[in-house]
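Okay, so here's the structure we're looking at.
Quantities reported herein were computed from a predicted structural model and do not represent experimental measurements.
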Amino acid sequence: MTDYVEVHERDGAARLGELRLADPLTFPTLLGHADDERVAGEEGPGGPHPILVDAGSEWVADRDLPEGDDATVTVLPHRGFPGGTPEEVQDAFAVDYPDVDYPSGAVISPDTADDLGADVYVLSNAQHLDGHAQAFVAGVVRTREAIPADTALYLPGVATPGNVATLIHAGVDLVDADRAVLAGTRGRYLTTDGNRALEHLSELPCACPACRGPIEDFDRQDCVAHNVNALRAALATVRERIRRGTLRDYLEGQARQEQWHTATFRRLDRQYAYLEQRTPVLRRAEITASSDDTLRRVEIQRFAERVTTRYRNRFDAPLVLIPCSARKPYSESQSHGQFHDAIQFRAHTVSMTSPIGVVPQELELTYPAQHYDTVVTGDWSATEVEFVSDVLAAYLRRNEYPRIVAHVPEDGYREIVDRAVESVDRDLAVEFTVEDHPTTTESLSNLASTLADELKYSKRERQHNTLKAVADYQFGAGAGDALFDDIRVKARYPKLKAHDADGGDQLAALVPNYGVLSFTLAGARLWKQSDAPTKVVEIDDFVPHGSVLAPGVVDASDDIRVGDEVVVEGPQAFAVGRAEMSGPEMVESTRGIASSVRHVEET
């Protein structure tokens with residue numbers, strides 16, 4: 001726990017926060033040594049600052065505890081271990097870090113990482129991990145999970161303009177310019193897309209102050225200055241991407257400039273539990289689906305997992321599989337309007353799409369179903385076909401329908417349907433209705449005639465099933481029936497509101513922007529008393545107004561994620577709001593907003 005680090009925004013494992021020194025610093029940022037003039041001189045948010053003081057290694061000599069101050073981060077006397085040092089050796093020579101009343105740093109390895117009472121944790125074997133994707137990901141994940149959430153992780157000696165986005169995406173908060181400076185002294189010109197030897201440059205592809213003169217006068221000292229400027233600019237890009245919630249979108253393209261960067265972020269995708277805990281369940285930013293790597297994103301995998309394990313179809317009607325549309329939500333598109341005119345509420349529609357998988361009609365608003373844009377070429381990649389067919393197969397195993405109609409074109413879609421049906425352990429007959437294109441007159445006529453003898457379901461059934469489906473998705477399997485078994489629905493789609501059976505108390509409202517439920521106090525009480533899985537933040541003896549700060553949290557459900565609806569309970573208050581931290585982070589942190597509070601009642 002710390003008094004000097006506060007996280008403000010989160011984008012997966014990447015964080016935007018503040019080092020609360022005498023002159024606060026926004027991180028991720030560069031750290032400079034107090035006696036290092038190479039990176040000094042440009043103060044400002046996120047710029048390099050000479051604020052790190054190293055009390056020294058105890059391998060050399062016994063060190064006195066420094067006095068420290070609130071203007072610098074003091075790395076306490078330490079013993080660093082190179083990569084590959086046996087764990088028993090590290091344990092034998094471990095340093096006992098004292099409690100101090102100023103910003104402090106502790107030197108650790110992934111094996112010795114723990115809560116040592118420091119504000120900043122310096123990874124001693126960072127350079128050993130550099131260039132080795134598997135070791136890097138394992139080391140950073142292990143370290144980040146072992147140290148408190150409200151502390152900063154510092155990787156010295158590895159950052160370049162090309163790799164810093166990958167480092168921050170993995171969970172690193174602080175870097176330095178040492179490697180960039182060294183490269184410059186060796187005549188290596190660094191950019192976000194790799195590095196060049198000075199003698200191979202015909203012109204300077206940069207407009208920073210160091211690069212504004214003629215290339216003939218550009219020497220290695222200028223190259224050092226440029227490299228630091230380029231690293232500083234890359235960090236500014238990363239910070240802005242975190243603010244917008246689009247770091248992963250940027251990284252999918254930027255990380256391809258070097259093989260180990262690509263390997264690193266792909267290996268990081270395999271650390272699903274680590275990333276899922278840190279990834280919001282909803283956000284404003286649109287997902288840019290530009291490659292097969294998008295399919296491995298937490299948001300995509302989480303949606304597919306919830307649809308195939310939590311969601312349950314409640315319509316006693318045929319299933320109609322339809323293609324997605326470029327416009328979101330799908331129901332507002334011209335093509336889906338034509339499908340609707342042909343179907344006329346005589347079937348349950350499920351959209352097939354990459355990268356999302358399958359989207360039941362009730363969840364078309366739910367993040368990220370209406371928050372993505374994909375590259376449209378007319379062709380499906382083998383990875384997309386495999387992913388969507390696997391999701392569809394899992395969906396069909398969970399949900400049985402009296403009939404299955406596939407109103408999809410030949411290319412890609414039919415292969416997906418065939419593969420999915422073949423992998424389901426029961427006989428499924430599929431009727432295909434498309435001739436040439438789904439929106440041709442003949443295709444739409446086929447769809448309408450195929451469903452002509454089916455009964456329409458009512459508006460009331462559509463509304464109730466939508467609220468129940470969102471509840472299942474948002475809170476857990478069976479939550480829809482536990483919460484909304486006997487309700488009255490008011491307002492029109494997409495702004496549905498659930499009231500109690502008498503139509504009096506409002507319980508919840510569907511939030512159209514994200515397709516999730518927002519509870520009133522009455523709804524929160526019902527949620528807490530029901531059999532539906534509940535996410536609870538236990539607070540101390542106070543009444544929150546507007547928000548709950550982390551120091552006031554006594555305990556929190558482990559499965560709370562940023563953006564989750566939560567019940568807030570304490571000796572004096574009962575409230576409902578939305579989480580601003582994960583549950584584990586709420587419990588660990590001593591600074592920052594744990595949850596917003598929408599409604600509160602003093603008890």
pair R266-D293: side-chain heavy atoms closer than 4.5 Å: yes
Between the side chains of T192 and Q254, does any donor sit under 3.5 Å from an acceptor? no
Nearest heavy-atom pair of A135 and L129: which atoms, and what distance? O-CD2, 3.5 Å
H348 vs Q361 side-chain heavy atoms within contact, under 4.5 Å: yes
pair Y457-F315: side-chain heavy atoms closer than 4.5 Å: yes
What pair of heavy atoms forms the shortest contact from R306 to V281, and how long is it? NH2-CG1, 4.2 Å
With salt bridge (charged side-chain N to carboxylate O under 4.0 Å, His left out) as the criterion, how do E9 and R243 come out once you've worked through the C-alpha distance, each side chain's angles and the decisive distance to 0.1 Å? CA-CA 7 Å; E9 298 185 49; R243 291 185 184 98; 5.1 Å; no
Looking at side-chain heavy atoms only, is the closest gap between E258 and T262 below 4.5 Å? no
Ignoring hydrogens and angles, tell me if any N or O in the side chain of Y274 forms a donor-acceptor pair with the backbone of A13 under 3.5 Å. no
K328 versus Y372: any side-chain heavy-atom pair under 4.5 Å? yes
Quick one, I287 and T294 - any side-chain contact, counting heavy atoms below 4.5 Å? yes
Taking the six-membered ring for Trp, is the centroid-to-centroid distance between H371 and Y367 below 6.0 Å? yes
Considering residues, nucleotides and ligands other than R426, do more than 12 of their heavy atoms fall under 6.0 Å from its CZ? yes
Between R10 and E585, is there a side-chain heavy-atom distance shorter than 4.5 Å? yes
Any side-chain donor near an acceptor of the partner, T466 and E362, under 3.5 Å: no
